[in-house]
Amino acid sequence: MNVLGVELDYDFFDADQMEVYERENRRVAEDIKEPAQYEDKSTADAFRIQCRIVDRFFDAVFGEGTAKQIFHGKVNLRDHMEAFAIVAQAAGEARAEFDALEKKYAPNRAERRQTEKDNRKIQKLNSRNYNHNAAGHKGQGGNRNR
């Protein structure tokens with residue numbers, strides 16, 4: 001994925017990598033919301049705090065030095081949030097792909113049961129005896145006017 005001009009490789013289907021991503025993503029959400037760190041801080045200082053949190057995320061997920069490579073030491077909140085959103089979007093796309101694979105290869109039990117029930121009904125409708133009796137034939141002679 002391309003994050004602000006820097007190409008980063010990440011396999012969201014690798015369990016170990018996904019574990020790191022999920023842990024660090026939770027950490028960002030928790031750290032950003034921690035109100036005590038913003039007390040008596042200017043808006044600029046709040047921006048710095050949030051950028052440091054995102055820097056730690058990139059270094060933890062993609063390797064030490066990744067934040068510096070992406071942001072070049074700048075503390076621009078818009079760039080940091082945009083970069084974080086790019087990774088979150090890639091993770092969301094991977095999740096959608098996983099859901100599609102799961103649906104394709106692990107169908108719902110209720111759907112399978114309904115399909116089996118429908119197939120039995122079709123077999124019954126197509127059976128010779130059912131069609132013969134359903135057409136109003138009684139007995140062996142086939143004479144309906146008796």
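Note that the numbering runs from 1 along the sequence shown for the chain. Note that these values count all heavy atoms, side chains included, but never hydrogens, waters or copies made by symmetry.
When side chains are defined from C-beta on, Lys74 does not count as touching Asp79, because their heavy atoms never get closer than 4.5 Å. Side-chain contact between Met1 and Phe12: present, with at least one pair of heavy atoms (C-beta onward) separated by less than 4.5 Å.
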Evaluate the side chain to side chain contact (heavy atoms under 4.5 Å, CB included) criterion for residues Cys51 and Asn76: first the C-alpha distance (whole Å), next the side-chain angles of each, then the deciding distance (0.1 Å), finally the verdict.
CA-CA 7 Å; Cys51 287; Asn76 182 300; 5.9 Å; no

Might you work through the salt bridge (Lys or Arg N to Asp or Glu O under 4.0 Å) test for Arg48 and Asp45, ending with a clear yes or no?
CA-CA 5 Å; Arg48 286 183 187 95; Asp45 285 338; 3.0 Å; yes

Side chain to side chain contact (heavy atoms under 4.5 Å, CB included), that's the test. Do Val87 and Phe57 meet it? Break it down for me.
CA-CA 11 Å; Val87 176; Phe57 167 83; 4.0 Å; yes

If you apply the rule side chain to side chain contact (heavy atoms under 4.5 Å, CB included), what do you find for Phe62 with Val3, and how did you get there?
CA-CA 12 Å; Phe62 296 98; Val3 179; 5.8 Å; no

Using side chain to side chain contact (heavy atoms under 4.5 Å, CB included), reason through Tyr38 and Ile32 one step at a time and then give a plain yes or no.
CA-CA 10 Å; Tyr38 302 111; Ile32 291 270; 4.2 Å; yes

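Across all their heavy atoms, Val75 and Phe47 have their closest contact at CG1-O, 4.3 Å. Here the shortest heavy-atom pairing between Asp59 and Thr66 reads OD1-N, 3.0 Å. Contact record, Arg56 with Asp31: NH2-OD2, 3.9 Å, taken as the closest heavy-atom pair. Listed here is the closest heavy atom pair of Lys33 and Ala29: CG-O, 3.3 Å. In terms of heavy atoms, Val61 sits closest to Val20 at CA-CG1, 4.0 Å. The minimum heavy-atom distance linking Tyr21 with Ala88 is given by the pair OH-CA, 3.6 Å.
Taking the charged nitrogens against the carboxylate oxygens, Glu30 and Arg27 have no contact shorter than 4.0 Å, which rules out a salt bridge. Ion pair Arg52/Asp55 not flagged as a salt bridge, since none of the NZ, NE, NH1 or NH2 atoms sits closer than 4.0 Å to an Asp/Glu carboxylate oxygen.
Note that CE of Met18 and CZ of Arg95 are 7.5 Å apart. Values are rounded to the nearest 0.5 Å. In this structure, Ile70 CD1 and Phe84 CZ are separated by 12.0 Å, a value rounded to the nearest 0.5 Å. The structure places CD of Glu22 at 12.5 Å from CD of Gln17, a figure rounded to the nearest 0.5 Å. Atom-to-atom distance recorded for Leu4:CG and Ile86:CD1 is 5.0 Å, nearest 0.5 angstrom. With rounding to the nearest 0.5 angstrom, the CD atom of Glu34 is 8.5 Å from the CD atom of Glu39.
The aromatic rings of His80 and Phe71 sit parallel to each other, their planes meeting at less than 30°, with 60° as the upper class boundary.
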